[in-house]
Amino acid sequence: MSEHHTHFIKHIVTEDMESGAYDSITTRFPPEPNGYLHIGHAKSIVLNFELADEFGGTTNLRFDDTNPLKEDKEYVDAIKEDIEWLGYEPENLRFASNYFEEMYNQAVSLIKRGLAYVEDLSQDEVRELRGTLTEPGKESPARNRSVEENLELFEQMRSGAFADGEKTLRAKIDMSSPNINLRDPVLYRISHTDHHNTGSDWCIYPMYSFAHPLEDAIEGVTHSLCTLEFEDQRPLYDWVIAKADLASEPKQIEFARLNLTNTVMSKRKLKQLVDEAFVDGWDDPRMPTISGLRRRGFTPESIKQFCREIGVSKADNLVDVRMLEHFLREDLKLKAPRTMAVLDPVKVIITNYPEGETEWLPAEVNPENEEMGTRQIPFSREIYIEREDFMEDPPKKYFRLFPNNEVRIKHAYFIHCHDFKKDENGRVTELYCTYDPETKSGSGFDARKVKGTLHYVEAGHAVPAEFRLYERLIDDEAEGDNFLDFVNSESLTVKHGFVEPNMADVTAYDKFQFFRHGYFSVDPKDSSPGAPVFNRVVELKSSFKLK
RNA sequence: AGGGCUAUAGCCAAGCGGUAAGGCAUCGGAUUUUGAUUCCGUGACUCGCAGGUUCGAAUCCUGCUAGCCCUGCCA
């Protein structure tokens, strides 16, 4: 987290501190409460909170709620929960709507100085006069209204004298600017819509480009970080700051948003996946939303470490999702108990093991973390192993079980396969093996070596469990709007198998490494006592290349 | 095309005139009661391209090319 985690925004802040421009810095995370947070927001959250912290400053959570048509309290609650879950505590909780009165006054002040005017052209007419990317715009007839008239009209807008769309308040800047954002941008529009916070107090609402710089200035934000698509708005941001009667002069800095392979990141596309039932909701474990990642089993630390390691720049990027997975494995490696689960069971009969007998074997919970201790696991005449751990006709370099081969059963004994039974469809139903008492784990037996070690669950004490295996949500890199054509129809596979006897009463979000399978997390919605449901967060890496 | 921005290995990304960090991925090899972990090793005679300045350039200058963003009363 030190010198090689530097980036251009840190350079800017460092210079600002050294030049004495600021004594300390203040940042903010400013979501609009109109949807759920995703890992792209996590990048911004980590950046804002940790940057401020590194320079001894603080970070506000401010909801940018200037458009009541799209916003809802449901989202503010979900967003607060996600940020808290990530482990950040905002210095202040604010809403843009807290400042509506102040913003109104700033607008009035602009009008008084001839810097804003009330427009009565329709939306279409305004668009006509705006010009194009290559042609300048034309000035509106309303542009030269008197200050008095503008004041009165704006007051009437507020008091509800006009219908939606009938008037707007526009900044008077430059209709021929090559930057379209400066061609007399709209500052206020009329919307007779109840607001989640201010109810029916207002029927005019400020636009983002007017509201945001004011919010920043009011809160004393020093560095206002946003994504690249706002770059063209910076001159307007600076214009508002320069004209406003506020002491503070925040600085907008833009960085590239996060793109991840095998998924989509825009609210619109995520909503489409939900609405068209490709997934089970915003918190579906396949979704890149914070709530989806949480339900899947990702940890706050893994997400934050990922966000730190991808860096911050202005270059368009597409980060490999395997990098995210790497940090989950790294986080859980020493934390998660390592237990055994058989996802697709086939029964093994140990023909030379006494009937009716069960022995309990000691098994370390995490060989890389001895503090996690030891548990006892059963072994008897009947056990389950993984169906794919046996082959009648194995290819070369198959280290698992096949006729006349010997393998180690983890924590138990070597077993030797002598025979097997198949049903009428040719599907293996039972394996017949013998065990060698001398090979007991922990005995130090080393007279023979085996190539493979298989995990198992003892049949008599096995706890039935459901396993949900997730694959990539999107097959290839979908371009533009055709991403629905690339949705992986096999992104979810459900398995029913067994876990160890001490796993019956796991609780939501408990995390385990199942030997040779990967990291799993208890599903918070569908798991119940005695009937656990496990979500596979990520697989273990594997260099097994057969098939 | 008018404006804004970006371009360093397969993917992120440091580097700020002195001779290419780091992470992910990949591929080798050692260890291994997880085909995991760990450990070692692995790739840019070169920084989008072409010129120029300089003793010296990924870093400065010029030109070009490619990609992204901007014509909401969305944010």
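Every heavy atom of this structure was used, including side-chain atoms; hydrogens, water molecules and symmetry mates were not. What you see is a predicted model, and the numbers here were worked out from it, not measured in a lab.
A sub-4.0 Å separation between OP1 or OP2 of B/G72 and a side-chain N or O of A/Arg130 is present. An OP1 or OP2 oxygen of B/U37 is reached within less than 4.0 angstrom by a side-chain nitrogen or oxygen of A/Lys541. At the phosphate of B/G72, neither OP1 nor OP2 sits under 4.0 Å from any side-chain N or O atom of A/Arg170. At B/A36, none of the side-chain N or O atoms of A/Ser542 fall inside 4.0 Å of OP1 or OP2 (strictly under the cut-off).
Minimum atom distance to the side chain of A/Lys314 is reached by B/C5, of the listed B/C5, B/C73, B/C70. Across B/C5, B/U33, B/C74, the shortest atom-to-atom separation from the side chain of A/Arg408 is found for B/U33. Across B/C16, B/G4, B/A75, the shortest atom-to-atom separation from the side chain of A/His11 is found for B/C16. For A/Arg189, the side-chain atoms get nearest to B/C73 when compared with the rest of B/C24, B/A1, B/C73. Here B/U71 is the nucleotide among B/U37, B/A14, B/U71 with the atom lying nearest to any side-chain atom of A/Ile180. Of the candidate nucleotides B/G35, B/C12, B/G72, B/G72 has the atom lying nearest to any side-chain atom of A/Arg127. Of the listed nucleotides (B/U38, B/U6, B/A25), B/U38 has the atom at the smallest distance from the side chain of A/Lys333. Nearest to the side chain of A/His326, among B/U71, B/C24, B/C68, sits B/C24. For A/Thr66, the listed nucleotide lying nearest its side chain is B/A75; candidates were B/U33, B/U37, B/A75. Checked against B/A13, B/G72, B/G35, the side chain of A/Gln123 finds its nearest nucleotide in B/G72.
For A/Phe63 and A/Tyr75, the gap between ring centers reaches or exceeds 6.0 Å.
On the C1' atoms, B/A1 is 14 Å away from B/C70, given to the nearest whole Å.
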task = Could you walk me through whether A/Arg329 and A/Glu539 pass the salt bridge (Lys or Arg N to Asp or Glu O under 4.0 Å) test, one step at a time?
result = CA-CA 9 Å; A/Arg329 292 192 194 98; A/Glu539 291 181 82; over 6 Å; no
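Remark: the A/Asp232 side chain and the B/G3 base include a donor-acceptor N/O pair separated by less than 3.5 Å. You'll find a donor-acceptor pair under 3.5 Å spanning the side chain of A/Arg400 and the base of B/G35, going by distance alone.
One finds a salt bridge joining A/Arg308 and A/Glu301 here, because a Lys/Arg side-chain nitrogen approaches an Asp/Glu carboxylate oxygen to under 4.0 Å. Using a 4.0 Å cut-off between charged side-chain N and carboxylate O, A/Asp316 and A/Arg257 make no salt bridge.
Within the 4.0 angstrom heavy-atom criterion, no nucleotide atom of any strand lies near A/Tyr188. Residue A/Gln233 is in base contact, counting any heavy-atom pair closer than 4.0 Å across all strands shown.
The residue from A/Tyr456, A/Phe445, A/Phe379 that alone fulfils the ring pair (Phe, Tyr, Trp, His ring centres under 6.0 Å) condition with A/Tyr413 is A/Phe379.
Ranked by how close their nearest RNA chain B nucleotide is to the 5' end, A/Asn366 and A/Pro30 are led by A/Asn366.
With 3.5 Å as the limit, one finds a donor-acceptor pair spanning the side chains of A/His196 and A/Asp65.
With a 3.5 Å ceiling on both atom-pair distances, the Watson-Crick or G-U wobble partner of B/U6 is B/A66.
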